[in-house]
A.B. asks: 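Quick one: the structure is below, questions incoming.
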Number of protein chains: 2
Amino acid sequence: MATQPSEGDGEEPTDVERRNADVCTVVGAVEAVGSKWKLIVLNDLRGGEKRFNELKRSTGASSYTLSRVLDGLETEGFVENRKELASPVASYYSLTEKGGDLCPVFDALDEWGTDWLE
Amino acid sequence: MATQPSEGDGEEPTDVERRNADVCTVVGAVEAVGSKWKLIVLNDLRGGEKRFNELKRSTGASSYTLSRVLDGLETEGFVENRKELASPVASYYSLTEKGGDLCPVFDALDEWGTDWLE
DNA sequence: CGGCATCCTTGGAGATACTG
DNA sequence: CAGTATCTCCAAGGATGCCG
């Protein structure tokens, strides 16, 4: 999408528009999941379904934070929730397809981390 | 709270250590570069050397923010800075090897974004 | 041009306590 | 067990101004 000066407008599209046209996907992705906790939780769910307190323990997030992060991830379609209303309620979280498709990102991060973090 | 009556040695490593041992690389990577601006700036530098105000325009960060982000990235070894002390000072930023090795991450993000963000 | 210093607002996130 | 409700604290980050 070249920003062709199509109409007589003659107006350079300016920063914002250029940015949007320019770098949408990565920046979009970063803004969608570019928060520490979201990434950590998503990565943690690659192992498969987990329940709330499991996630809490393995990620180290507080109930409060975890709850909100999961909430966000769910409404954004990254994870889905399955509840078992048995005796003591049990709710399980897992990646949706959209969330699972982030795996390559985590693989890349993992590989990078292996090279540079130890 | 759980100062476990440890038998012998404090072998229970406590949450923090468990976490570190568990998920080091990805979480480490996320904690190293897992901030919105760092990711955006790094991604922006994939195109090659850029100067301060260029980055400012293309990323949309304020001088203040950009300055601090670049500062961090530089001391952490992700980018390097080259200054030309000519007339009006010009300083160029580019990825180091460490930073460049993050490209696969951005490629993955880009691909993901292409699939899910449009 | 590059980039600190300063002020100020916001929200991210921990600790704690409470409910279904 | 799985959350929600507060309260609080601090860092992130925008706006603005100044200066080499």
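Residue numbering restarts at 1 for every chain, and letters A, B, ... go by the order of the sequence lines. Only a predicted model underlies this, so the values are computations on that prediction, with no experimental measurement involved.
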A.B. asks: Is it true that the side chains of A:Asp44 and A:Ser58 contain a donor and an acceptor less than 3.5 Å apart?
C.D. replies: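 Yes, a side-chain donor-acceptor pair sits under 3.5 Å.
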
A.B. asks: Taking for each residue the nucleotide of DNA chain D with the nearest heavy atom, is it B:Val89 or A:Ser67 whose nucleotide lies nearer the 5' end?
C.D. replies: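 By nearest-heavy-atom nucleotide position, the 5'-most residue is A:Ser67.
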
A.B. asks: Given atom OH of B:Tyr93 and atom C1' of C:dC1, what is their separation to the nearest angstrom?
C.D. replies: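 Rounding to the nearest Å, OH of B:Tyr93 and C1' of C:dC1 are 11 Å apart.
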
A.B. asks: How many Å lie between CG on B:Asp71 and C1' on C:dG2, as a whole number?
C.D. replies: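 Distance check: B:Asp71 CG to C:dG2 C1' gives 13 Å.
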
A.B. asks: For the helix from C:dC1-D:dG20 to C:dG20-D:dC1, measure the angle between the helix axis at one end and the axis at the other, each built from five pairs, rounding to 10°.
C.D. replies: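 Comparing the first five pairs with the last five, the axes sit 50° apart.
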
A.B. asks: So how far is it from B:Glu49 CD to B:Glu54 CD, rounded to the nearest 0.5 Å?
C.D. replies: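 Result: 9.0 Å between the selected atoms.
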
A.B. asks: A:Phe78: what forms a ring pair (Phe, Tyr, Trp, His ring centres under 6.0 Å) with it, not counting sequence neighbours?
C.D. replies: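 Partners of A:Phe78 by the ring pair (Phe, Tyr, Trp, His ring centres under 6.0 Å) criterion, ordered by chain and then number, come out as B:Trp112.
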
A.B. asks: Could you state the atom-to-atom distance from OH of A:Tyr64 to C1' of C:dA15 in whole Å?
C.D. replies: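 It works out to 12 Å between those atoms.
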
A.B. asks: Calculate the interatomic distance between B:Leu55 atom CG and C:dG2 atom C1'; express it in whole Å.
C.D. replies: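 Rounded to the whole Å, the gap is 12 Å.
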
A.B. asks: Grouping I, L, V, M, F, W and Y whenever their side-chain heavy atoms are under 4.5 Å apart, do B:Trp116 and A:Val79 come out in a common cluster?
C.D. replies: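 Yes; tracing contacts between hydrophobic side chains, which count when under 4.5 Å, links both residues.
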
A.B. asks: Decide yes or no on side chain to side chain contact (heavy atoms under 4.5 Å, CB included) for A:Leu55 and A:Leu70, but give the supporting numbers first.
C.D. replies: CA-CA 10 Å; A:Leu55 279 170; A:Leu70 285 171; 4.1 Å; yes

A.B. asks: With a 4.0 Å cut-off on heavy atoms, is A:Tyr92 in touch with a base, just the backbone sugar-phosphate, or nothing at all?
C.D. replies: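 Here A:Tyr92 touches no strand at all.
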
A.B. asks: For a 4.0 angstrom threshold against heavy atoms of chain B, report the outermost contacting nucleotides of DNA chain D in 5' to 3' order.
C.D. replies: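 Footprint of chain B along DNA chain D, 5' to 3': D:dG13 to D:dA15.
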
A.B. asks: Quick one: pull up NZ in B:Lys50 and CG in B:Leu45 and give me the separation to the nearest 0.5 Å.
C.D. replies: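 Going from NZ on B:Lys50 over to CG on B:Leu45, the span is 7.5 Å.
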
A.B. asks: Once you round it to whole Å, what is the distance between C1' of C:dG3 and CD of B:Glu74?
C.D. replies: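 Those two atoms, CD and C1', are 13 Å apart.
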
A.B. asks: Taking for each residue the nucleotide of DNA chain C bearing the nearest heavy atom, is the 5' side occupied by A:Val69 or by B:Phe52?
C.D. replies: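 In this pair, the answer is B:Phe52.
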
A.B. asks: Does one side chain, of A:Asp110 or B:Thr25, offer a donor that lies under 3.5 Å from an acceptor on the other?
C.D. replies: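 Side-chain D/A pair, A:Asp110 to B:Thr25: present.
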
A.B. asks: Would a single hydrophobic cluster contain both B:Trp37 and B:Tyr64, if residues Ile, Leu, Val, Met, Phe, Trp and Tyr are joined by side-chain heavy-atom contacts under 4.5 Å?
C.D. replies: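 The answer is no; the residues belong to distinct hydrophobic clusters.
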
A.B. asks: Please classify the nucleic acid contact of A:Lys56 as base, sugar-phosphate, or nothing, using heavy-atom distances under 4.0 Å.
C.D. replies: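 Result for A:Lys56 = nothing.
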
A.B. asks: As an exercise, state the distance from OG of B:Ser91 to CZ of B:Arg51, rounded to the nearest 0.5 Å.
C.D. replies: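 Interatomic distance, B:Ser91 OG to B:Arg51 CZ, rounded to 0.5 Å: 8.0 Å.
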
A.B. asks: Could you check whether A:Arg51 gets within reach of a base, just the sugar-phosphate, or nothing at all, counting any heavy atom under 4.0 Å?
C.D. replies: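 Touches sugar-phosphate only.
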
A.B. asks: Could you state the CG-P distance from B:Leu66 to C:dC1, rounded to the nearest angstrom?
C.D. replies: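 So the two atoms are 14 Å apart, to the nearest Å.
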
A.B. asks: Out of C:dG2, C:dA15, C:dT6, which has the shortest distance to the side chain of B:Asn53?
C.D. replies: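 Within the option list, the nearest is C:dG2.
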
